[in-house]
Amino acid sequence: MSALATEVSGTGEEGGLDVRELRDAGEFEDVVRLFDAIWRPDPGNRPITVELMRALSHAGNYVAGAYEGGRLAGASVAFLAAPIGRALHSHVTGALPGRGAGLALKLHQRAWALERGLDRVTWTYDPLVRRNAHFNLVKLAARAEEYLPSFYGAMDDAINAGDESDRLLAVWHLPEPRVLAAARGEPYVPEVPADAVTGLASLGGLPAPGPVETWGGARTVLVAVPGDIEALRRADPEAARAWRRAVREVLGGLLAEGARVTGFDRRAGYVVERPGP
């Protein structure tokens with residue numbers, strides 16, 4: 001789950017942000033208040049609770065906050081996952097915009113994982129949220145490896161209400177050269193082959209799938225996403241639902257047949273490479 005996985009720090013303090021692990025109830029209460037401000041959830045359906053953060057932290061999992069001038073600007077909660085001894089799953093990260101807290105938290109999380117001998121971090125994100133796709137696949141150089149339809153079931157917070165909770169599984173392979181470069185501030189910009197074919201385009205703000213016969217044999221397929229799905233949900237819920245169905249059918253269908261996402265292009269969307277003969 002991710003609200004605004006934004007922007008740089010490793011461990012400790014950098015760029016005016018102090019990123020550190022959180023350990024006491026007062027800090028966890030600050031995280032709940034921050035997440036309430038970001039997602040505005042029903043009080044009985046918060047993304048994380050004080051009690052759960054306390055338990056996860058005490059058991060040796062990852063609970064961290066990014067502070068700006070002493071005030072919490074972002075927080076992240078993750079737990080150790082399969083394969084045991086190798087992976088960390090980042091369950092929820094939320095950050096206020098424009099402060100660089102999201103990236104600072106991810107780099108802190110990466111350093112935390114490497115210190116414990118882990119070689120991958122996973123998380124899920126909404127494939128329709130353009131800024132998160134760019135952040136995850138370009139800025140962090142993670143890979144989108146699995147399409148998960150309606151992963152969380154119905155969600156009624158202010159950001160996701162009225163939509164289905166399809167997610168992409170992002171996998172951050174920490175030792176990969178592209179990830180090492182991204183950690184140095186060198187984003188991963190995918191190559192878009194000249195013979196790439198559009199499987200899903202945006203036409204007048206609506207999804208426009210290309211006929212399968214025109215791209216069914218293509219090696220590289222481009223899958224567009226809307227400019228701002230969150231604004232579209234509010235302004236035109238039916239158009240937002242149409243995008244959900246189209247991306248699920250095209251991108252989800254491609255991944256189900258063995259294709260892999262090789263990156264995200266700001267203009268073309270997801271760059272998807274299909275398996276060869």
Start with the C-alpha distance between V121 and R110, add both sets of side-chain angles, then the distance that settles side chain to side chain contact (heavy atoms under 4.5 Å, CB included), and finish with yes or no.
-> CA-CA 8 Å; V121 179; R110 175 180 176 274; 5.8 Å; no
Sequence neighbours left out, what passes side chain to side chain donor-acceptor pair (under 3.5 Å) with N61? Give chain and number order.
-> none
Would you indicate whether the side-chain heavy atoms of R143 and R120 approach each other to under 4.5 Å?
-> no
ring-ring contact (aromatic ring centres under 6.0 Å, His included) involving W243 - partner list, sequence neighbours excluded | none
Parallel, tilted or perpendicular, as decided by the 30° and 60° cut-offs, for the rings of F79 and H89 = tilted
Do the ring planes of Y62 and H108 sit parallel (below 30°), tilted (30 to 60°) or perpendicular (above 60°)?
-> tilted
Flag, side chain of Y270 to backbone of P127, donor-acceptor distance under 3.5 Å | yes
Lys NZ or Arg CZ of R167 over F151 ring: under 6.0 Å, within 45° = no
Could you tell me whether the side chain of R71 reaches within less than 4.5 Å of the side chain of R99, counting heavy atoms only?
-> no
Any L88 side-chain heavy atom under 4.5 Å of L80 side chain = yes
Any chain of hydrophobic side-chain contacts (each under 4.5 Å) joining V189 to F264?
-> no
Supply the atom-to-atom distance R178 CZ to L140 CG, rounded to the nearest 0.5 angstrom.
-> 11.0 Å
When rounded to the nearest 0.5 angstrom, what is the spacing between CZ in R248 and CG in L148?
-> 11.0 Å
Is there a side-chain contact between Y188 and E176 (heavy atoms, below 4.5 Å)?
-> no
Are side-chain heavy atoms of Y147 and D166 found at a separation under 4.5 Å?
-> yes
How many angstroms lie between atom CG of L105 and atom OG1 of T93, to the nearest 0.5 angstrom?
-> 6.5 Å
Sequence neighbours excluded, the answer for salt bridge (Lys or Arg N to Asp or Glu O under 4.0 Å) partners of D228 is none
Contact list for residues 185-201, test salt bridge (charged side-chain N to carboxylate O under 4.0 Å, His left out), sequence neighbours left out | R184-E186
Looking only at atom types and distance, does a side-chain atom of S57 sit under 3.5 Å from a main-chain N or O of L22, one as donor and one as acceptor?
-> yes
Do R266 and H134 have a side chain donor and acceptor closer than 3.5 Å?
-> yes
Just by distance, with hydrogens left out, do Q109 and W172 show a side-chain donor and acceptor under 3.5 Å apart?
-> no
In one Ile/Leu/Val/Met/Phe/Trp/Tyr side-chain cluster, 4.5 Å: L107, L174 = yes
Is there a donor-acceptor contact under 3.5 Å from the side chain of E115 to the main chain of W112?
-> no
Scanning both residues in full, the closest heavy-atom pair of A66 with A101 reads CB-CB, 4.0 Å
Would you say V250 and V272 are hydrophobically clustered, going by side-chain heavy atoms of ILVMFWY under 4.5 Å?
-> yes
Listed partners of V50 passing side chain to side chain contact (heavy atoms under 4.5 Å, CB included), at least two apart = F28, E29, V32
Backbone N or O of R23 within a donor-acceptor pair of the R54 side chain at under 3.5 Å?
-> yes
Answer yes or no: does atom CZ of R245 have more than 12 heavy-atom neighbours from other residues, nucleotides or ligands under 6.0 Å?
-> yes
Hits for side chain to side chain donor-acceptor pair (under 3.5 Å) against Y67, two or more places apart or cross-chain, chain-then-number order -> none
Salt-bridge contact D36-R33 (side-chain N to carboxylate O under 4.0 Å) = no
Taking salt bridge (Lys or Arg N to Asp or Glu O under 4.0 Å) as the test, write out the residues that go with D119, two or more places apart.
-> R86
Nearest heavy atoms of S150 and S165, plus distance in Å | C-OG, 3.4 Å
Would you say R233 and I229 make side-chain contact, with heavy atoms under 4.5 Å?
-> yes
Salt bridge (Lys or Arg N to Asp or Glu O under 4.0 Å) partners of D265, counting only residues at least two apart = none
What is the distance from atom CD of E27 to atom CZ of R20, rounded to the nearest 0.5 Å?
-> 5.5 Å
Can you check whether R267 reaches V192 side chain to side chain, under 4.5 Å on heavy atoms?
-> no
Nearest heavy atoms of L206 and A239, plus distance in Å = CD2-CB, 3.6 Å
Just how far is it from atom CG of L128 to atom CG of L232, taken to the nearest 0.5 Å?
-> 9.5 Å
What pairs of donor and acceptor atoms, side-chain ones from residues 251-263 against any protein atom, are under 3.5 angstrom apart with sequence neighbours left out?
| unit_1 | atom_1 | unit_2 | atom_2 | d |
| --- | --- | --- | --- | --- |
| E257 | OE2 | R274 | NE | 2.9 |
| E257 | OE2 | R274 | NH2 | 2.8 |
| T262 | OG1 | V271 | O | 3.2 |

Residue list, side chain to side chain donor-acceptor pair (under 3.5 Å) with R244, at least two apart or on another chain = D126, D163
Does the pair L34 and L96 meet the rule for a side chain to side chain contact (heavy atoms under 4.5 Å, CB included), with working shown?
-> CA-CA 8 Å; L34 175 69; L96 299 176; 3.8 Å; yes
Closest heavy-atom contact between G102 and A95?
-> N-CB, 3.7 Å
Considering only NZ, NE, NH1 and NH2 on the basic side and carboxylate oxygens on the acidic side, decide whether E238 and R241 come within less than 4.0 Å.
-> yes
Apart from L180 itself, its cluster of hydrophobic side chains linked below 4.5 Å comprises none
Decide yes or no for F35 and R46: does some side-chain heavy atom of the first lie under 4.5 Å from some side-chain heavy atom of the second?
-> no
Donor-acceptor pair, N136 side chain versus N132 backbone, under 3.5 Å?
-> yes
Would V129 and L222 show up in the same hydrophobic cluster when neighbours are defined by side-chain heavy atoms closer than 4.5 Å?
-> no
Set of side chain to side chain donor-acceptor pair (under 3.5 Å) partners for R116, sequence neighbours left out = none
Here the gap from D30 atom CG to L72 atom CG, rounded to the nearest 0.5 Å, amounts to 6.0 Å
Can you list the steps and then say if Y125 with L137 is a side chain to side chain contact (heavy atoms under 4.5 Å, CB included)?
-> CA-CA 11 Å; Y125 74 96; L137 306 189; 3.7 Å; yes
Taking all non-hydrogen atoms of both residues into account, name the closest pair between S202 and A224 and its distance.
-> N-CB, 4.0 Å
